[in-house]
Amino acid sequence: MTKKRPSGEQIQAMLNEGHFGAERELPEADPVTVTQLLVEVDRIQPYDHNPRRQRNPQYDEIKASIRAQGSLNNPLTITRRPGDTDYVVESGGNSRLQVLKELWEETNDERFHKIHCLFRPWVSEAHVLTAHLIENDTRGDLIFIDKALAVQELRRIIEADTGQELSLRKLAEALQARGYGLAPGTLSRMDYAVEVLLPLIPETLRDGLGRPQIERLRRLESVCRRCWREWRGDDDTSKFDALFNNTLSEHDGPGWHLDKVQRQLEAGLAEALGVSLKHIRLEVDARLAGEHGSAAKPSSDATTSDETDKHPDTPAAVSTTRRSDPAPGSSEALPKASTGGAPSAIEEDPTPASPELPTAPEPTAPEPTPPAPPDTSASGRLDALRGNAHALAQQIAERHELGACIQDAPALGMGYLVDVPDQSLVPDEGEPDIPAHRHRQWVWWLLLSLSEQVVDPERLSCAPESLSLRHLILGQDEDQVLALVGEPDWKALGHELLNNPDVDEHTVQDLLELARTCRRIRRTANDAGDLTLWPDAPARGTPHEQDDPR
């Protein structure tokens, strides 16, 4: 039987069925290469894993600029996850997108509705999050805790993609392969900030607590934990964990300062261990400074008092970051892990990864040479105190934009020297009186006075040639010095600086601590008898003669 050919109407009906039906649309296909697109802002969403977790501090300025120009200077870079209908910001620009959405809603201006974008094909979730981290690092406006949280999120994504857990070294290699270089040591600090500190001091971290302060806090916890373990003679640190956690939580918020945390933690240790506070502070300061204090368990307050009376006090706040390794086989060398509470932070940071080098069997390490015992002589104590004085002076000066005026002098005077500033601290005639400028002037003069370097001009002959103040004073050009720094009314010292509530508390406390440290330096030299603070200088310097700072 001959099959009948379909009519034209039947062919048309078949063409309209299935895939060819007029009622069905083809799914929208994304470009396979980088392409410029004109996209409605309603179809672009902020990146949901954006590292920035708080409002951009420059948001209002960005909005005003876009409103005035009517467009973006640089187009947004967008992408789209497979199967999604909306686009997402691919590498930075979440704030600009939110501004455009607000301006479109407020003005109904089409310039803020359809915008030119640069579309990049989707690669992976890890790729997009890394791009946002790199963009934020380039601008340098991401606080440390937000960066740490984003890196932890990126780590989880990479581990889910690869199906394996990543050590810090492997994570550093994975990030480096994606163009984002972070050392394993930095990753370790990030873990500490997120896992230990964030539950205890969230407000302080959100206020911008940075990596150096986090590292100092981590070292403080490590030192105090070792003291607890050694003096109690067991590895149960659960009570120390509670003490550390409570101390940090009580200090969370505005005005957070590590020195206050350290003082309260030392007081808690002294009370819990039955040890004198003076002994605790000496021990903690020595270990933070890289010196090994006595690790023997004290028998009573009386014995610790007798022991500490042999040495001058050291400052409660030590700003150095130097740290020596403990002697092999000592109780400090390999302390046991904590059994609970806050994780122990005593492990040294891993060395940076070198993925480009082939792996070779590690040679047998030679027997380490025990470090030399700490120098407890008067000369050794003087060196340590001078180092503390320089660290305090540098910290005070940098807080008031005078850091370039401080020079290290480890074998001279109080351990630091003060130079004249590059720009005058004296306001020009007719310039309004600004309290912060007066405070800078006061700080400079107090640092100079405490250094004792200009009590006698001959002392400056010991100073290095690079010190401009040396040449001005020895050249009897004091008018030039006063033109740069002026001279405040010393009768107003208490009113203008020390008692003034407008001066930040940290500066006042650090100045007082610096004064105490300088007194200890003088006392150490006087008790030793054979130590000279100012070599080749005239034997002047009674307390009365040293009151004049010039």
So, Arg218 versus Ser188: side-chain donor-acceptor pair below 3.5 Å or not?
yes
Does atom CD (Gln69) have a neighbourhood of more than 12 heavy atoms from anything else shown, all under 6.0 Å?
yes
Do Arg470 and Asp419 sit within salt-bridge range, that is, some charged N less than 4.0 Å from a carboxylate O?
no
I'd like to check the ring pair (Phe, Tyr, Trp, His ring centres under 6.0 Å) partners of His471; sequence neighbours left out, ordered by chain and number.
none
Less than 4.0 Å between a side-chain N and a carboxylate O, is that true for Arg263 and Glu266?
no
Asp259 versus Gln509, side-chain donor and acceptor atoms under 3.5 Å:
no
Salt bridge or not between Glu513 and Arg520? Use side-chain N to carboxylate O under 4.0 Å.
yes
Side-chain heavy-atom pair Val485, Pro421 within 4.5 angstrom cut-off:
yes
Would you say that Arg211 contacts Ile214 through its side chain, given a criterion of any heavy-atom pair below 4.5 Å between the two side chains?
no
Check side chain to side chain contact (heavy atoms under 4.5 Å, CB included) between Ile66 and all other residues, then give those that pass, not counting sequence neighbours.
Ile62, Leu72, Arg96, Val99, Leu100, Leu103, Phe112
Determine all donor-acceptor pairs shorter than 3.5 Å in which one atom belongs to a side chain in residues 400-409; sequence neighbours excluded.
residue : atom : partner : partner atom : Å
His400  : NE2  : Thr507  : OG1          : 2.8

Parallel, tilted or perpendicular: which describes the rings of Tyr47 and His132, with under 30° parallel and over 60° perpendicular?
parallel
Within a 6.0 Å radius of atom CD on Glu271, are there more than 12 heavy atoms belonging to other residues, nucleotides or ligands?
no
